[in-house]
Amino acid sequence: MKIIRTSIVLCGLAVLLPSPPEDGAAGKQPGPSGFAVAAAAADAVGDARGFCGRQPAVCDTTGHVLRQLERKAKYAARLIYEWASDSSGAPRPTRSREAHSDPITTGATAPRPAAQRVSQNTLHLEDLIPEWRSPLGAARS
């Protein structure tokens with residue numbers, strides 16, 4: 001029934017949207033009367049009420065999909081709200097990254113103690129500064 005209520009609300013909103021301007025075509029056929037539209041809508045609602053009785057598996061699957069979409073929409077809204085109310089401007093993850101990491105540690109991935117850490121940067125500051133060369137020096141030689 002939630003699907004039917006949602007579709008009725010969406011149709012009502014679509015009716016309230018502005019219509020495009022008339023193009024003024026002389027041979028234009030008039031649309032159906034208001035009574036015909038109301039009768040067609042009543043027939044569609046009557047048919048939709050019996051749909052879940054005829055196809056229960058379709059209704060169950062559709063309900064599951066809609067529940068998943070609702071969860072996603074609520075999660076996205078919560079992230080946007082947290083982002084908007086957070087002073088840093090970055091969204092906060094709901095779970096830490098460590099919770100999803102592999103709990104197994106091996107010798108290759110285990111962190112070394114501070115005493116075993118050896119710096120691999122063997123250059124001195126003077127080694128990092130390039131030698132000065134005159135741009136005209138190579139042309140004069």
Side-chain angles (χ1 to χ4, degrees), residues 1-140:
M1 284 306 287
K2 188 174 183 179
I3 297 171
I4 295 171
R5 283 182 279 182
T6 304
S7 63
I8 290 172
V9 169
L10 290 176
C11 288
L13 289 174
V15 168
L16 295 176
L17 291 173
S19 299
E22 297 293 327
D23 58 356
K28 186 176 174 182
Q29 295 288 331
S33 67
F35 180 73
V37 170
D43 290 342
V45 168
D47 186 47
R49 282 187 182 166
F51 179 77
C52 285
R54 293 187 309 265
Q55 301 286 335
V58 173
C59 286
D60 292 341
T61 304
T62 305
H64 175 73
V65 169
L66 289 176
R67 283 188 296 277
Q68 291 297 104
L69 289 175
E70 181 182 16
R71 287 182 55 225
K72 285 183 175 187
K74 286 180 180 179
Y75 177 73
R78 186 174 73 233
L79 284 179
I80 291 170
Y81 177 76
E82 288 175 0
W83 173 76
S85 63
D86 192 14
S87 62
S88 68
R92 294 178 300 210
T94 55
R95 296 182 183 143
S96 67
R97 185 174 184 203
E98 291 80 25
H100 296 292
S101 65
D102 191 8
I104 299 173
T105 56
T106 62
T109 60
R112 292 183 180 180
Q116 292 182 354
R117 291 187 192 137
V118 179
S119 174
Q120 295 182 3
N121 188 3
T122 58
L123 295 176
H124 298 284
L125 183 59
E126 295 83 26
D127 296 332
L128 296 174
I129 300 172
E131 293 182 24
W132 184 82
R133 293 180 291 166
S134 173
L136 301 176
R140 291 185 181 175

Do the side chains of Ile8 and Arg5 get nearer than 4.5 Å, heavy atoms only? no

Asp47 vs Asp43 side-chain heavy atoms within contact, under 4.5 Å: no

Side chain to side chain, Thr62 and Lys2, heavy atoms closer than 4.5 Å: no

To the nearest 0.5 Å, what is the distance between CD (Glu126) and CG (Leu128)? 9.0 Å

Which of these, Leu10, Ile4, Ile3, sits in a side chain to side chain contact (heavy atoms under 4.5 Å, CB included) with Thr6? Leu10

Near Phe51 CZ, under 6.0 Å, is it more than 12 heavy atoms from other residues, nucleotides or ligands? yes

Verify the neighbour count for atom CZ of Arg71: are there more than 12 heavy atoms of other residues, nucleotides or ligands below 6.0 Å? no

